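Notes follow once the structure below has been shown.
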Amino acid sequence: MRRPCCSLTFDGPRNCPHVTTSSPSPSARPKRVLVIHYSQSGQLDSVAEQIVAPLRADPSVQVHEETLRPLVPFPFPWPFIRFFDAFPESAHMVPPPLAPLSLTGDEDFDLVILPYQVWFLAPSQPVTAFLKHPVAARLLKGKPVVTVIACRNMWLLAHEKLKGMLDDVGARLIDNVVLTDPGPTLATFFTTPAWLIWGRKRGFWGMPDAGLSTGQIRSTGRFGRALRDALHNDLERGTQPLLAGLGAVQANARLLISEKAGTRSFYLWGRLIMAVGGPGAWPRKPLLLLYVLFLLVLIVTVVPVSLTLQALLRPFLKGWLTKMTAQFECPSGSATDRSHLYDD
Ligand SMILES: Cc1cc2nc3c(=O)[nH]c(=O)nc-3n(C[C@H](O)[C@H](O)[C@H](O)COP(=O)(O)O)c2cc1C
């Protein structure tokens with residue numbers, strides 16, 4: 001079932017996200033759009049590229065693209081221990097510094113597109129580093145931000161953390177697009193690490209390929225076309241989502257319990273591991289190996305047990321799940337009534 005977003009109310013034609021005309025913007029100067037980039041495999045960059053292409057092709061829109069570069073790059077594919085060594089700082093949101101940005105913070109953008117991936121149930125470290133950077137505080141204050149998540153499929157609590165960081169800098173989250181790997185949850189627990197650690201994207205043992213499908217990535221062009229029309233109509237100045245009715249996000253609130261258990265364990269173990277040394281320090285290694293074993297047990301117990309229990313208790317949990325789903329799908333929602341206007 002496609003749900004309209006809970007916050008979808010209309011306050012007149014100028015702020016109505018269903019306006020689809022392409023009339024020129026009343027403002028004289030071109031609209032300025034900032035796009036932030038960070039991607040290891042190129043997947044998130046491909047998604048961002050689909051969204052940005054219609055904006056870049058429009059003479060009335062200027063696009064500035066900022067690529068985030070950690071001072072010490074994260075490896076890809078990741079060595080096994082190095083991968084897990086990233087969880088304490090990811091969970092505690094204490095990333096290493098970025099190389100200097102090309103922006104000073106004094107630039108004035110009409111719209112900011114912030115694609116991000118999830119690392120250990122938190123926004124990826126480079127994106128967190130950007131949002132905690134003093135330049136971001138000046139750049140994003142009062143600005144409308146469209147977030148775009150591409151991850152395995154556990155993003156609910158990462159997005160809560162990202163919303164907190166946007167609040168801290170006074171930015172306005174007006175839309176959230178989410179793309180998750182199409183494979184079954186349990187299969188992706190194995191296929192995603194195989195991709196990220198061994199570089200093996202092809203599925204194995206009957207499991208699907210890791211990552212998003214090319215069709216999913218290509219279809220995100222509709223969001224770029226809708227943003228272009230919204231900018232023409234100055235809708236980014238309003239408070240309503242620009243991407244409602246386009247199937248921007250489908251939340252799976254059934255994963256919330258597993259995410260909460262995972263976040264708690266990342267946080268507690270992360271604190272212990274950070275206490276014995278910084279990233280890469282050898283005393284962290286035995287603790288990390290122990291944690292990997294613990295995590296495997298968590299994945300093969302808590303996730304299936306919580307999903308089975310929820311299936312059994314569905315009649316009692318229905319109201320709660322519906323409420324949580326609507327909450328996590330805000331502001332853009334899962335409704336698709338406008339998709340036909342923007343699909344290829
Ligand atoms: C260190 C690390 C941790 C990750 N943790 C999660 C996670 O908690 N939840 C999730 O859905 N995806 C997780 N992913 C997958 C990423 O969100 C993303 O889909 C993948 O890394 C591809 O992104 P890229 O465009 O940077 O290559 C993780 C990836 C990495 C590298």
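Because the structure is predicted, anything quoted here is derived from the model rather than measured. When a ligand or atom number is given, it counts from 1 through the structure's own listing order.
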Any carboxylate oxygen within less than 4.0 angstrom of a Lys/Arg side-chain nitrogen, looking at R218 and D344?
no
Report the part of F84 in contact with ligand 1, treating N, CA, C, O as backbone and CB onward as side chain, heavy atoms under 4.0 Å; options are side chain, backbone, both, neither.
neither
Give the atom numbers and elements of ligand 1 that come within less than 4.0 Å of a heavy atom of A150.
17 (O), 18 (C), 19 (O)
Is K132 atom NZ crowded by more than 12 heavy atoms from other residues, nucleotides or ligands, each under 6.0 Å away?
yes
Under 4.0 Å from a heavy atom of R152: which atoms of ligand 1 are those, numbered in the order shown and with their elements?
10 (C), 11 (O), 12 (N), 19 (O)
Could you work out, with ring-ring contact (aromatic ring centres under 6.0 Å, His included) as the rule, every residue matching H92, not counting sequence neighbours?
Y267
Which protein heavy atom lies closest to atom 19 (O) of ligand 1, and at what distance to 0.1 Å?
C151 CA, 3.3 Å
Which ligand 1 atoms are under 4.0 Å away from a heavy-atom of L44?
25 (O)
Around atom 22 (C) of ligand 1, find the nearest protein heavy atom and jot down its residue, atom name and distance.
W195 CH2, 3.7 Å
Report the C-alpha distance between F130 and Q125 in whole Å, list the side-chain angles of each, state the deciding distance to 0.1 Å, and finish with yes or no for side chain to side chain contact (heavy atoms under 4.5 Å, CB included).
CA-CA 9 Å; F130 171 71; Q125 289 193 36; over 6 Å; no
Which of the numbered atoms in ligand 1 are below 4.0 angstrom from a heavy atom of N153?
11 (O)
The protein heavy atom nearest to atom 25 (O) of ligand 1 is S39 OG, 2.7 Å
One thing to verify: whether D343 and R225 come together as a salt bridge, which I'm taking to mean a side-chain N less than 4.0 angstrom from a carboxylate O.
no
Within-cut-off N or O pair, F120 and ligand 1, under 3.5 Å:
yes
Between D110 and K143 (salt bridge meaning N to carboxylate O under 4.0 Å), is one present in this structure?
no
Using the ring centroid of each side chain, check whether F84 and F87 are separated by less than 6.0 Å.
no
Any Lys/Arg nitrogen of K31 or D234 sitting under 4.0 Å from an Asp/Glu carboxylate oxygen of the other?
yes
Here's a test for you: under side chain to side chain donor-acceptor pair (under 3.5 Å), which of T192, T185, N252, T188 qualifies with N153?
T185
Quick one: look up the protein heavy atom nearest atom 27 (O) of ligand 1 and list residue, atom name and how far away it is.
S41 OG, 2.5 Å
min-distance protein heavy atom vs atom 20 (C) of ligand 1 -> L196 CD2, 4.0 Å
Within the 4.0 Å heavy-atom shell around W78, which atoms of ligand 1 are there?
31 (C)
Return the option from I149, T188, V118 holding the heavy atom at the smallest distance from atom 7 (C) of ligand 1.
V118
